[in-house]
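These notes concern the structure reproduced below.
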There are 2 protein chains.
Amino acid sequence: MKDVAARAGVGLKTVSRVVNEEAGVTPDTVARVQAAIDALGFRRNDSARLLRTRRTASVGLVLEDLADPFYASLSRAVEDVARAHGALLFTGSSAEDPRREKELVLAFCARRVDGLVVVPASDDHRYLSSEIEAGVATVFVDRPAGALDADVVLTDNAGGTREGVAHLIAHGHRRIGFIGDQQGIHTAAERLRGYHEAMEDAGLPVRPEWWTMGPTAPERVRAALDVMLSGPERVTALFAGNNRVTVTAVRVLSGLSRPVALVGFDDFELADLLNPPVTVVAQDAPGIGRSAAQLLFRRLDGIVSDEPTRIELPARLIPRGSGEIPPS
Amino acid sequence: MKDVAARAGVGLKTVSRVVNEEAGVTPDTVARVQAAIDALGFRRNDSARLLRTRRTASVGLVLEDLADPFYASLSRAVEDVARAHGALLFTGSSAEDPRREKELVLAFCARRVDGLVVVPASDDHRYLSSEIEAGVATVFVDRPAGALDADVVLTDNAGGTREGVAHLIAHGHRRIGFIGDQQGIHTAAERLRGYHEAMEDAGLPVRPEWWTMGPTAPERVRAALDVMLSGPERVTALFAGNNRVTVTAVRVLSGLSRPVALVGFDDFELADLLNPPVTVVAQDAPGIGRSAAQLLFRRLDGIVSDEPTRIELPARLIPRGSGEIPPS
DNA sequence: CTGAAAGCGCTTACAG
DNA sequence: CTGAAAGCGCTTACAG
């Protein structure tokens, strides 16, 4: 910029004015500066500009895994909102590792991002409270923050599961199984709660061998299914607590002689092409991302009250066939 | 930092030394500075630091759509390599819009990212040549850059298709159809070339109604299939030029009375759960992302020659059932 | 309409 | 072992 000013024979401030298209510069001066800019191939360094402006026009997104379809479409939604607000997006995957989450979050804070959208991997976010006080707007997504009262946008996991299980009950099932992810995961616990509530609402008993929580590895799910599907009190329908469980369940159930109904939490591509097509309770990944990002920018613009906001988005039941199979 | 220095009664440089854990500071001084840092809640502003250091420790990734599974896993691989090199990742989706691609690329350049990984949407990247001269390392991915000789990492599209078509021929097919994406798309044209080569290698004639290029919208694909699958010279096998075509083809073929063999380019989740399981030619999305990012950092470290590098990764045939159906 | 000075928050290149 | 000065590339707050 100094070179441009020298070549055009003007002050730094005038170059700055031309570059930023500020009014009040003679057309003649503009032309001279522009010529110098073109000749020198000058282009403004936004990093320097932003240092002075005291905002970085960027937001950081920390999630489990950028490659996971759910988070991928959530990311895209966050990106779109950020773009609409003139901000660029940093992304990082925590891989469910609390240390990595913290590392990423602090790296973004050190760059002084204007705001953060975080899918919590850690269950203690007190390390963030000083940052938030320092002015980094933060919105948690998919799961609430641990030990910190902060903005959060999530799916109504319990409600969605309740609806899915009620759907099975409405189709005549009375013995329904539930296979969920590990207890410690907030969404998993909420879905389990929804299962119990739906059964209770219908006045149906729940036997202890009908539900189980744990890793979603295929072997574990198969073993759990074996238990549920044997004996005189075996289940006639299954609610799968997430995507991976659903897929394993489809594999196992397709090998059985008598049909077992299935509803899964989380939609997935080609669910309608399977045999039978899989009924699911779908989360709105773009909707969650969009809400979170919008809330973030409302915070940045100081539009929202200081009170932490909690937004819960409904899940949607999509009947496709597997959930409408009657009890055998 | 000024405040910390004042509180600790030391110079700025000493604070800098402590923050950066440089050697040669008395333990006593370190303790005093550290106490001031803690008391004031100071944390280094990396944006300011990087302005002075003249590198930003960040790379920009521009692709079609962050929500697309192929690009999502490519992104994750780029992220992992970037992390290993201590760099953060900016991501942006061009949505196949050349203007948006340019906008994103230039925004990243204006932030002075150290390097760029770009999935080209535009077919003219001359706008980038001045940036590249200015030192922004750039690697193109999935498709070569337009009108610019630059580093590129891509899949062997022609070779992969040749292998897939040869697989169908090996299973006895002589009349094989090909439905591809629009001609203008580099990968689409390459795959079409592979189809023609495989047929020619086997000495098989290709009738004009057996292959077609165009939008991958379901209606277009259905119409194209109708043509190929009717008349005395109808095809007994189909090669689908990409994911979306494959999915539509599965739907159409599953409704037919006589079986038609199918091989698709690009793997997709649950392909093995469909009926019949779908044989595909798989690209290595993480491998492509990893190679591109590694090449980028080798450039940044000045390890590679100045000559643009072209890396072509093999595609892999995964037989699952649909591609092994004999001619009816 | 234009520009010189100070400053954003750090590091570099010195000197002591 | 420590620090004052200059500078990274811009903008802000003035003054003229």
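Letters go in sequence order (proteins before strands), and every chain restarts at 1. We use all heavy atoms of the structure for the numbers below, so side chains are in, but hydrogens, waters and symmetry mates are not.
- A straight line from CE of B:Met1 to P of C:dG7 spans 17 Å, rounded to a whole angstrom.
- In this structure, A:Lys13 atom NZ and C:dG7 atom C1' are separated by 14 Å, rounded to whole Å.
- An OP1 or OP2 oxygen of C:dG7 is reached within less than 4.0 angstrom by no side-chain nitrogen or oxygen of A:Arg52.
- The closest donor-acceptor contact from the side chain of A:Asp114 to the backbone of A:Ala57 lies under 3.5 Å.
- In this structure, B:Val25 and B:Arg112 both approach DNA chain D, and ranking their closest nucleotides by distance from the 5' end singles out B:Val25.
- Between A:Phe297 and A:His85, the ring planes lie parallel to each other; the angle is under 30°, not in the 30° to 60° tilted range.
- C:dA13: no Watson-Crick or G-U partner with both key distances under 3.5 Å is found in any strand.
- No contact: B:Asp46 has no heavy atom under 4.0 Å from any strand.
- Looking only at atom types and distance, the side chain of B:Asp181 has a donor-acceptor partner in the side chain of B:Asn242 under 3.5 Å away.
- The CG atom of B:Leu51 sits 4 Å away from the C1' atom of D:dC8 (whole-angstrom rounding).
- Between B:Arg43 atom CZ and C:dC10 atom P there is a gap of 10 Å when expressed in whole angstrom units.
- Taking only distance into account, the side chain of A:Arg17 meets the base of C:dG3 through a donor-acceptor pair shorter than 3.5 Å.
- Between the side chains of A:Glu79 and B:Ser93, at least one donor N or O sits under 3.5 Å from an acceptor N or O.
- Pair assignment for C:dA4 gives none, since no Watson-Crick or G-U wobble pairing has each distance under 3.5 Å.
- Residue B:Arg54 places at least one side-chain N or O closer than 4.0 Å to OP1 or OP2 of D:dG9.
- Between the side chain of B:Asp151 and the backbone N or O of B:Pro308 there is no donor-acceptor pair closer than 3.5 Å.
- A side-chain donor-acceptor contact under 3.5 Å links A:His125 to the backbone of A:Gly146.
- We find that CG of B:Asp3 is positioned 14 Å from C1' of C:dC10, with the value rounded to whole Å.
- Look at A:Thr26 and you'll find a side-chain N or O under 4.0 angstrom from OP1 or OP2 of C:dT2.
- The side chain of A:Asn45 places no N or O atom within less than 4.0 Å of a non-bridging phosphate oxygen (OP1 or OP2) of D:dC8.
- A:Leu12 places its CG atom 16 Å from the P atom of C:dG7, with the value rounded to the nearest Å.
- The shortest distance between the side-chain N/O atoms of A:Thr14 and the OP1/OP2 oxygens of C:dG3 is below 4.0 Å.
- The phosphate of D:dC10 (OP1 or OP2) has no side-chain N or O of A:Thr53 nearer than 4.0 angstrom.
- Note: CZ (A:Arg32) to C1' (C:dT2) measures 11 Å, nearest angstrom.
- As a whole-Å value, the separation of A:Asp28 CG from C:dT2 C1' is 13 Å.
- At D:dT2, one or more side-chain N or O atoms of B:Thr29 fall inside 4.0 Å of OP1 or OP2 (strictly under the cut-off).
- Among the protein residues, B:Val10 comes within range of the sugar-phosphate backbone only, with heavy atoms under 4.0 Å from sugar or phosphate atoms but none that close to a base.
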